[in-house]
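Working notes, beginning with the structure itself.
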Protein chains: 2
Amino acid sequence: MSLRIALLGLLSAVGPASGYDLAKKFELSLNHVWQAGHTQIYPELLKMAADGLVDAGSEGVRGRKTYTITPEGRRRLHEWMTEHAPAVVVRNEVALQAFLLPLLDRDDAIAVVERMKAGFEARLATLQCQPSGGIGSHALKLGLAQVRASIRWAEETLAELKGAGG
Amino acid sequence: MSLRIALLGLLSAVGPASGYDLAKKFELSLNHVWQAGHTQIYPELLKMAADGLVDAGSEGVRGRKTYTITPEGRRRLHEWMTEHAPAVVVRNEVALQAFLLPLLDRDDAIAVVERMKAGFEARLATLQCQPSGGIGSHALKLGLAQVRASIRWAEETLAELKGAGG
DNA sequence: GGGATCATGTAACGAGTTACATGATTTG
DNA sequence: CAAATCATGTAACTCGTTACATGATCCC
């Protein structure tokens with residue numbers, strides 16, 4: 001369901017695009033929000049066309065198909081944005097490692113948190129390279145706020161681990 | 001894979017337990033980190049027993065089966081914790097709505113962010129009800145840090161939306 | 001005895017990943 | 001002409017959810 005919404009949102013924001021274009025957008029601008037490869041995108045666009053949410057244009061050069069959002073697609077997108085209250089589904093390997101941290105001895109735990117911190121900082125750097133204007137700017141700010149909070153958590157956790165019996 | 005790790009971690013932390021017990025733990029203490037229902041847990045425990053990661057005890061009262069982590073299970077758990085650097089996979093409906101926020105008009109956008117804020121606050125309340133000691137305390141702090149950052153983001157975004165042309 | 005809870009499972013489906021497969025066009 | 005990139009797809013598999021199914025035991 002959310003894949004559809006993401007595709008409709010992109011088509012609404014940037015205008016008609018091919019599956020290839022949309023896959024690029026996922027890689028470049030949507031990667032910190034939702035992920036999908038071309039093998040998921042192409043079949044989904046076909047289904048969405050069958051459901052009347054997008055119009056598939058005739059094949060262009062190199063077999064390129066350009067999809068355009070339909071009024072019904074826009075309606076569904078608007079409905080999802082305003083009516084759908086997303087359930088918080090967390091399935092996060094980093095948080096799982098944090099959960100299980102007390103199972104490790106002090107040195108292992110410190111190494112794991114150091115690695116997490118490095119991962120958070122890499123992510124911060126990636127987010128800071130994103131263009132800050134245009135669509136996605138709110139999501140970017142949210143991502144930055146969360147990753148900065150995560151870095152502070154890592155620093156506090158390291159201080160705690162190193163303080164106790166260090 | 002991570003479901004196995006979560007199960008091994010719980011078995012390591014709390015000692016031998018049944019699938020039913022583990023499902024309860026997922027609901028109560030692990031819900032903000034990883035989610036799994038009994039329909040996923042029971043078959044996985046059978047496979048893990050076949051792979052030698054857990055020992056299935058003989059059936060007790062009401063058909064209850066008690067699983068115990070094996071040395072090989074502990075080895076795998078330790079290996080995952082220390083060697084596996086988790087990839088950051090974000091697939092988050094709230095972040096997707098934040099991303100697409102500029103597609104809405106001002107009033108709709110405000111309503112959506114208000115709803116998000118309420119969701120974050122509900123989550124904060126849930127996390128604050130968790131017991132703060134024991135295993136999971138680090139993950140709890142991480143969750144609290146992230147959700148507080150999210151609430152601040154919602155407040156700033158609302159101020160911005162209301163400021164512009166309000 | 002009847003309802004709540006304990007306790008385990010299967011089947012069908014949907015979502016997502018990996019590997020495979022193909023061919024056109026552009027650029028050096 | 002060869003390599004890179006553009007562009008689309010299928011098949012097999014894993015992971016996760018929803019719905020269905022069953023029976024034992026505890027407590028009122």
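Predicted, not measured: the structure shown is a model, and the values here were computed from it. Side chains included, hydrogens not; waters and symmetry mates left out as well; all remaining heavy atoms used. All chains are named by letter (A, B, ...) in the order of the sequence lines, taking the proteins before the strands, and each is independently numbered beginning at 1.
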* Structure fact -> Going 5' to 3' through nucleotides 8-21 of chain D and flagging B where a protein heavy-atom sits under 4.0 Å of the base, S where only the sugar-phosphate is that close, and - otherwise, we get BBB----SSBBB--

* Taking atom CG of A/Leu45 and atom OH of A/Tyr67, what is their separation to the nearest 0.5 Å? -> 5.0 Å

* Whole angstrom is fine here: how far is it from CG in B/Leu45 over to P in C/dA7? => 14 Å

* Structure fact -> Read 5' to 3' with Watson-Crick or G-U pairs under 3.5 Å, [ ] for crossing pairs and | for partners on another strand, DNA chain C gives ||||||||||||||||||||||||||||

Anything under 3.5 Å between a donor and an acceptor, one on a side chain of residues 114-129 of chain A, the other on a protein residue two or more places apart or in another chain? List them.
{"unit_1": "A/Glu114", "atom_1": "OE2", "unit_2": "A/Lys162", "atom_2": "NZ", "d": "3.3"}
{"unit_1": "A/Arg115", "atom_1": "NH1", "unit_2": "B/Thr82", "atom_2": "O", "d": "2.7"}
{"unit_1": "A/Arg115", "atom_1": "NH2", "unit_2": "B/Met81", "atom_2": "O", "d": "3.2"}
{"unit_1": "A/Arg115", "atom_1": "NH2", "unit_2": "B/His84", "atom_2": "O", "d": "3.1"}
{"unit_1": "A/Thr126", "atom_1": "OG1", "unit_2": "A/Ala122", "atom_2": "O", "d": "2.9"}

* Lys/Arg-Asp/Glu bridge criterion (N-O < 4.0 Å) met for B/Arg4, B/Glu44 -> yes

* Whole Å only: how far is the CG atom of B/Asn92 from the P atom of C/dG16? -> 13 Å

* So, are A/Arg152 and A/Glu156 salt-bridged, with charged N and O less than 4.0 Å apart? -> no

* Take the protein atom CD1 of A/Ile41 and the nucleotide atom P of C/dT18, then report the distance between them rounded to whole Å. => 14 Å

* A/Leu96 vs B/Ile5 side-chain heavy atoms within contact, under 4.5 Å -> yes

* Output, in order, the C-alpha distance, side-chain angles, deciding distance and verdict of side-chain hydrogen bond (donor to acceptor under 3.5 Å, both in side chains) for B/Gln130 and B/Ser29. => CA-CA 7 Å; B/Gln130 291 287 124; B/Ser29 71; 5.8 Å; no

* d(CG, A/Leu22; C1', D/dC6) in whole Å -> 15 Å

* To do: Could you tell me whether A/Asp21 and A/Arg64 make a salt bridge, using a distance below 4.0 angstrom between a side-chain N and a carboxylate O?
  => yes

* Asked: Hey, what do you get for CG (B/Asp55) to NZ (B/Lys65), rounding to the nearest 0.5 Å?
  -> 13.5 Å

